[in-house]
Amino acid sequence: MHDFDAARLALPGIRELQPYQAGKPIEEVERELGIKNIVKLASNENPLGVSQKVRDALAAKITGLARYPDANGFYLKQAIADKFSVKPQQVTLGNGSNDVLELLARTFVTAENEVIYAQHAFVVYPLVTKAIGATGIAVPAKDYGHDLEAMLAAVTDKTRMIFVANPNNPTGTFLSKEALEAFIARVPHHVLIVLDEAYYEYVPESERAPSLAWIEKYPNLVVSRTFSKAYGLAGIRSGYMVSHPAIADLMNRIRQPFNMNELALTASIAALQDEDFIARSVSVNRDGMAQLIAFCEQYKLPFIPSHGNFLTIEVGPQSAEMFQKLLHKGVIVRPVAGYELPNHLRVSIGLPQENDAFCNAMAEILNGQ
Ligand SMILES: *Cc1c(COP(=O)(O)O)cnc(C)c1O
């Protein structure tokens with residue numbers, strides 16, 4: 001037994017990985033610290049919770065759960081296609097958008113390939129890359145965001161995929177549609193461009209890229225979106241990718257047949273149709289962002305201007321200590337040292353009273369309390 005070494009048997013890429021560090025769950029912090037009324041601003045979830053229309057749709061579905069879900073997600077694909085003027089054959093559904101990102105990588109990337117992403121990019125990109133044993137190329141950021149010129153310059157014959165999150169998490173940086181299209185047009189066709197639009201709904205309509213319409217012109221472009229953020233369904237796990245139908249067809253061959261469950265299908269269809277809820281979510285986010293920015297300006301805390309539902313604030317080299325102090329005052333935020341941002345903390349925008357709780361706790365800490 002003692003000569004058994006599981007790590008030695010595993011793929012080299014997997015041996016080097018660290019498990020994904022999720023935001024601390026409220027129950028865990030309550031249990032560990034023995035405090036109540038915790039405010040969680042750590043995972044960019046929707047502070048409005050689940051919309052009433054989604055709750056009603058879910059309640060009506062419970063009795064059907066003994067049956068397998070529709071393996072092809074016919075109605076949800078149709079709803080996405082109708083809403084965004086694409087064809088259902090372009091849509092791939094997933095157990096969260098992370099699932100479709102991984103599916104795409106497993107469909108196209110081999111251990112011999114290189115995958116490009118930006119410094120401070122979403123941790124799932126290096127994760128899916130290294131799990132395959134492929135080489136991840138992290139291109140140094142420019143003003144915390146993507147340096148598209150440098151990313152283009154990093155393309156080689158071995159490059160198979162480039163990840164671009166717009167807006168980016170955890171920095172909130174944003175690329176204009178003009179900059180983005182100029183970049184996409186120059187990426188060679190042996191490279192897939194993965195445009196991750198997890199925060200798409202928070203971007204004002206006039207600034208949004210017509211990314212799904214671009215797919216016709218740029219068949220190597222794929223776009224992922226999620227129900228985890230503005231739609232308020234992080235717990236149900238639902239996301240999707242829109243691509244050229246040939247890409248969707250290939251991904252469909254290795255997908256687990258029921259990778260989206262019945263409740264996720266049902267909730268997502270109801271959420272897509274609930275435009276009032278999205279409008280309210282965006283409005284709560286806009287006001288909350290103004291609240292946090294006003295606080296940062298009052299206390300002279302630098303922050304990265306954000307286009308998402310979170311603000312990444314520069315608190316200095318004692319950020320880990322500050323995270324702990326905030327935790328003890330009942331506010332969970334997100335340390336981002338793992339993203340090469342050791343002086344920052346990321347704070348998700350909450351309801352007005354939740355943002356107040358963060359500002360008050362932070363003010364006490366800054367005043368030495
Ligand atoms: C939150 C987030 C997602 C969403 O992941 P899900 O698996 O859909 O919950 C995707 N990309 C980025 C950049 C994110 O921040």
Side-chain angles (χ1 to χ4, degrees), residues 19-23 25 40-47 50 73 76 80 91-106 115-129 131 138 141 144-146 161-175 180 193-203 209 211 222-242 251 255-256 259-261 263-265 267-268 271-272 281 285 304 306-312 333-336 338-339 341 344 346-349:
Y20 177 78
Q21 295 280 340
K40 186 187 177 204
L41 301 173
S43 301
N44 301 345
E45 295 143 339
N46 190 325
V50 178
L76 178 55
I80 291 168
V91 181
T92 303
L93 304 176
N95 184 37
S97 61
N98 290 331
D99 187 32
V100 287
L101 296 177
E102 191 199 19
L103 263 178
L104 185 79
R106 288 206 293 124
V115 173
I116 297 172
Y117 38 80
Q119 182 191 15
H120 317 310
F122 190 40
V123 65
V124 168
Y125 312 154
L127 216 131
V128 301
T129 301
Y144 296 109
H146 295 77
M161 232 154 72
I162 303 182
F163 283 106
V164 177
N166 202 44
N168 188 49
N169 171 26
T171 58
T173 50
F174 184 69
L175 297 160
L180 204 51
I193 307 138
V194 188
L195 182 59
D196 179 343
E197 294 188 325
Y199 301 96
Y200 170 83
E201 294 79 13
Y202 294 107
V203 177
S211 50
V222 308
V223 179
S224 65
R225 296 203 186 145
T226 183
F227 287 95
S228 298
K229 306 286 157 61
Y231 288 100
L233 289 171
I236 213 154
R237 310 307 301 131
S238 177
Y240 61 97
M241 182 169 282
V242 182
M251 286 168 69
R255 178 179 67 84
Q256 294 288 326
N259 70 328
M260 197 186 262
N261 70 70
L263 293 180
L265 290 167
S268 304
L272 263 188
S281 303
N285 192 61
I304 308 173
S306 170
H307 291 75
N309 63 347
F310 54 89
L311 190 65
T312 297
V333 298
R334 191 63 157 270
V336 282
Y339 288 92
L341 294 166
H344 288 76
R346 190 192 70 192
V347 185
S348 304
I349 307 295

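Computed over heavy atoms, backbone and side chain alike; hydrogens, waters and symmetry mates excluded. Whatever order the structure lists ligands and atoms in, that order sets their numbers, starting from 1.
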K.L.:
Would you check if the distance from the ring center of Tyr117 to the ring center of Phe122 is below 6.0 Å?
P.N.:
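Tyr117 vs Phe122: aromatic centres not under 6.0 Å.
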K.L.:
Using distance alone, determine whether Ser228 and ligand 1 share an N or O pair under 3.5 Å.
P.N.:
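Yes: some nitrogen or oxygen of Ser228 is under 3.5 Å from one in ligand 1.
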K.L.:
Would you find a donor on one side and an acceptor on the other, under 3.5 Å apart, between the side chain of Asn46 and the backbone of Ala230?
P.N.:
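Answer holds: yes.
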K.L.:
Quick one: does Tyr125 get an N or O within less than 3.5 Å of an N or O on ligand 1?
P.N.:
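There is no such contact.
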K.L.:
Quick one: look at Ala198 and ligand 1, take heavy-atom pairs under 4.0 Å, and tell me if it's side chain, backbone, both or neither.
P.N.:
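Side chain only; the backbone of Ala198 stays clear of ligand 1.
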K.L.:
Counting N and O atoms only, with roles assigned by atom type, does the side chain of Asn309 sit under 3.5 Å from a partner on the main chain of Ile349, one being a donor and the other an acceptor?
P.N.:
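A pair under 3.5 Å: no.
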K.L.:
For Ser238, is at least one N or O under 3.5 Å away from an N or O on ligand 1?
P.N.:
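N/O-N/O distance below 3.5 Å does not exist for this pair.
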K.L.:
Would you mind running through ligand 1 and noting each atom that sits below 4.0 Å from a heavy atom of Asn169?
P.N.:
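Listed by number with element: 13 (C), 14 (C), 15 (O).
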K.L.:
Which residue and non-hydrogen atom of the protein lie closest to atom 2 (C) of ligand 1, and at what distance in Å?
P.N.:
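Sorting protein heavy atoms by distance from atom 2 (C) of ligand 1 puts Lys229 NZ, 2.4 Å first.
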K.L.:
Can you check which of Tyr231, Tyr199, Phe310 brings a heavy atom nearest to atom 15 (O) of ligand 1?
P.N.:
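Result: the heavy atom closest to atom 15 (O) of ligand 1 is in Tyr199.
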K.L.:
Can you tell me which residue among Thr312, Leu341, Val333 is in a side chain to side chain contact (heavy atoms under 4.5 Å, CB included) with Arg346?
P.N.:
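Between Arg346 and the candidates, side chain to side chain contact (heavy atoms under 4.5 Å, CB included) is satisfied uniquely by Thr312.
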K.L.:
Which ligand 1 atoms does Gly96 reach within 4.0 Å, using its non-hydrogen atoms?
P.N.:
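So the atoms of ligand 1 that pass are 7 (O), 8 (O).
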K.L.:
Considering only the protein, which heavy-atom contact is closest to atom 5 (O) of ligand 1, and what is its distance?
P.N.:
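That would be Ser97 OG, 3.3 Å.
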K.L.:
List the atom of Ala165, the atom of His146, and the distance in Å for their closest heavy-atom pair.
P.N.:
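Minimum heavy-atom contact is O-CE1, 3.2 Å.
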K.L.:
With respect to Thr226, determine whether any N or O atom, backbone or side chain, lies less than 3.5 Å from an N or O atom of ligand 1.
P.N.:
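Between Thr226 and ligand 1 (N or O atoms, distance only) the closest approach is under 3.5 Å.
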K.L.:
Quick one about Tyr20 and Asn98 (side-chain donor to acceptor, distance below 3.5 Å, no hydrogens or angles considered), yes or no?
P.N.:
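No pair is found: no donor N or O on one side chain lies under 3.5 Å from an acceptor on the other.
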K.L.:
Could you tell me the residue and atom name of the protein heavy atom closest to atom 7 (O) of ligand 1, and the distance to it rounded to 0.1 Å?
P.N.:
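That would be Arg237 NH2, 2.7 Å.
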K.L.:
Does the side chain of Glu201 come under 3.5 Å of the side chain of Ser281 through a donor N or O and an acceptor N or O?
P.N.:
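Side chains of Glu201 and Ser281: no pair found under 3.5 Å.
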K.L.:
So for Gly239, does at least one of its heavy atoms come nearer than 4.0 angstrom to any atom of ligand 1?
P.N.:
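Gly239: no contact with ligand 1 (<4.0 Å).
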K.L.:
Is it true that the side chains of Ser224 and Ser97 contain a donor and an acceptor less than 3.5 Å apart?
P.N.:
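Result is no, nothing qualifies.
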K.L.:
Is Asn285 reaching over with its side chain to a backbone N or O of Gly308, donor-acceptor style, under 3.5 angstrom?
P.N.:
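Checking the backbone N and O of Gly308 against the side chain of Asn285, a donor-acceptor pair under 3.5 Å is found.
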K.L.:
Mind checking whether Asp196 has a heavy atom under 4.0 Å from ligand 1?
P.N.:
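Judged by the 4.0 Å heavy-atom criterion, Asp196 does count as contacting ligand 1.
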K.L.:
Given that the side chain starts at C-beta and the backbone is N, CA, C, O, which of these parts of Phe227 lies under 4.0 Å from ligand 1, counting heavy atoms, or is it both or neither?
P.N.:
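It is neither; nothing of Phe227 touches ligand 1.
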